[in-house]
Amino acid sequence: MPFPPCQRIIFNKNPLDPVICQFRFPPILSIDNELPSKFQEAIRKQYPLFGERLEVKFNLPSELKAAIPQELLELPSGSSKNYEFISEDETWKINLTNSFLAVSTSQYTRWEEFKTHFAKPLAALLEVYEPSFFTRIGLRYVNTIKRSVIGVDNIPWSDLLNPYIVGSLSEPNIADHVLGTSHTTEIRLSDSVSIVRIRDGLIEAASTGEACYRIDNDFFIEGKFDVSKATEQLDYFNQKGSCLFQWCITDRLRDAMEPEAI
């Protein structure tokens, strides 16, 4: 708990894009001061493409902070280099800065594959830069439900998502008139230290203008954590992430996405 136990499944019509994990640590100045050549050499076969950009962060006035995602607000102000290492097919990306390592993909299939993609970058981070500890470990699943892709074009959201998720969209008399919704909920997990931040609501597909429903589940733990425990923590988040998503959807949507037991 708090989410009911569930069977582990994968969906053949997968709504995930992207999936991101992040390891945050106290700033390591050498990452900004010299090119990460040793780090690149350790992961270059998996991630042969390279890019670099300068990130500038600002202290924002309080009235603007409400419009900025919380994880961006938590970054220190100033500037830092962001090194990108990208797979040949450009579906996987590593980002390295002086305070975090992130791994993301637009083609998530299953957890075991995702783990193989962050294993080498994580090992390279620990070997080359030796962070003393992690200050935040996070795993984020962004689910975008496009009814046209799943084959439920004319089915109302109230038949696809549970009422505690869709809110006003569950009311038949006004559902067709709702122009937009947005909710943010933070829930403490059963280990009493981890948190999931759920952001959900209607969005418009950029390419088609189709009304889609996004469920963005950001699992994280903050504090001071042993770097050797990071993968174990992500395993825990993955287990909870599957149960959370299945808690959000109805059997009708579940079946439409063609589940396959693992």
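Note that these values count all heavy atoms, side chains included, but never hydrogens, waters or copies made by symmetry.
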Student: Could you check if a side-chain atom of Ile215 sits within less than 4.5 angstrom of a side-chain atom of Leu161, using non-hydrogen atoms only?
Tutor: yes
Student: Does any part of the side chain of Leu96, heavy atoms only, come nearer than 4.5 Å to the side chain of Ile31, both counted from C-beta?
Tutor: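 In contact.
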Student: Could you measure the distance from the CD1 atom of Ile28 to the OG atom of Ser80? Nearest 0.5 Å is fine.
Tutor: 12.5 Å
Student: Report yes if some heavy atom in the side chain of Lys240 is under 4.5 Å from a heavy atom in the side chain of Ser190; otherwise report no.
Tutor: yes
Student: Hey, does Phe219 have a side-chain heavy atom less than 4.5 Å from the side chain of Asn238?
Tutor: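 Side chain of Asn238 against side chain of Phe219, heavy atoms only: no contact under 4.5 Å found.
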Student: Can you confirm whether or not the ring centre of Phe39 sits under 6.0 Å from the ring centre of Phe85?
Tutor: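 They qualify: ring centres under 6.0 Å apart.
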Student: Should Phe245 and Tyr141 be marked as a side-chain contact (heavy atoms from CB on, under 4.5 Å) after you check the CA-CA gap, both sets of side-chain angles, and the distance that decides it?
Tutor: CA-CA 9 Å; Phe245 183 67; Tyr141 293 103; over 6 Å; no
Student: Less than 4.5 Å apart, any side-chain heavy atom of Tyr213 and any of Ile165?
Tutor: yes
Student: Take a 6.0 Å sphere around CD of Glu171 and say whether it holds more than 12 heavy atoms from other residues, nucleotides or ligands.
Tutor: yes
Student: Phe23 vs Leu126, test: side-chain contact (heavy atoms from CB on, under 4.5 Å). Steps then yes/no.
Tutor: CA-CA 11 Å; Phe23 311 91; Leu126 299 183; over 6 Å; no
Student: Using a 4.5 Å cut-off on heavy atoms from C-beta on, say whether the side chain of Ile10 contacts that of Thr109.
Tutor: no
Student: Fit a plane to each ring of Phe25 and Phe134, take the angle between them on a 0 to 90° scale, and name the class: parallel (under 30°), tilted (30 to 60°) or perpendicular (over 60°).
Tutor: tilted
Student: So do the side chains of Arg252 and Val152 get within less than 4.5 Å of each other, counting heavy atoms only?
Tutor: no
Student: Any salt bridge between Arg8 and Glu112, counting N to O under 4.0 Å?
Tutor: yes
Student: State whether Arg147 and Asp159 are salt-bridged, where the test is any N-O pair (Lys NZ or Arg NE/NH1/NH2 against Asp/Glu carboxylate O) under 4.0 Å.
Tutor: no
Student: Closest heavy-atom contact between Ala256 and Lys13?
Tutor: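 Between these two residues, the closest heavy atoms are O-CD, 3.5 Å.
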Student: Could you tell me if the ring centre of Trp92 sits under 6.0 Å from that of Phe114?
Tutor: yes
Student: Do Phe237 and Cys21 have side chains that approach each other closer than 4.5 Å (heavy atoms only, starting at C-beta)?
Tutor: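 Side-chain contact under 4.5 Å: no.
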Student: When clusters are formed by joining ILVMFWY residues with side-chain heavy atoms under 4.5 Å apart, either directly or through shared neighbours, do Val19 and Val142 land in the same one?
Tutor: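 Result: no, two separate clusters.
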Student: Atom OG of Ser37 and atom CZ of Phe50: how far apart are they, to the nearest 0.5 Å?
Tutor: 9.5 Å
Student: For atom NZ of Lys81, is the number of surrounding heavy atoms from other residues, nucleotides or ligands below 6.0 Å larger than 12?
Tutor: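 Enclosed.
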Student: Is any side-chain N of the basic residue among Arg53 and Glu84 closer than 4.0 Å to the acidic one's carboxylate O?
Tutor: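 Yes, charged N to carboxylate O under 4.0 Å.
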Student: Check the pair Glu130 / Lys38 against salt bridge (charged side-chain N to carboxylate O under 4.0 Å, His left out), numbers first and verdict last.
Tutor: CA-CA 13 Å; Glu130 300 182 326; Lys38 291 182 180 179; over 6 Å; no
Student: Does the side-chain contact (heavy atoms from CB on, under 4.5 Å) test come out yes or no for Ile262 and Arg110, once each step is laid out?
Tutor: CA-CA 10 Å; Ile262 299 178; Arg110 59 192 296 168; 3.2 Å; yes
Student: Looking only at heavy atoms, which two atoms of Ala230 and Ile137 are closest? And how far apart?
Tutor: CA-CD1, 3.9 Å
Student: Show the numbers, then the answer: is there a side-chain contact (heavy atoms from CB on, under 4.5 Å) between Leu244 and Ile198?
Tutor: CA-CA 10 Å; Leu244 169 53; Ile198 307 168; 3.9 Å; yes
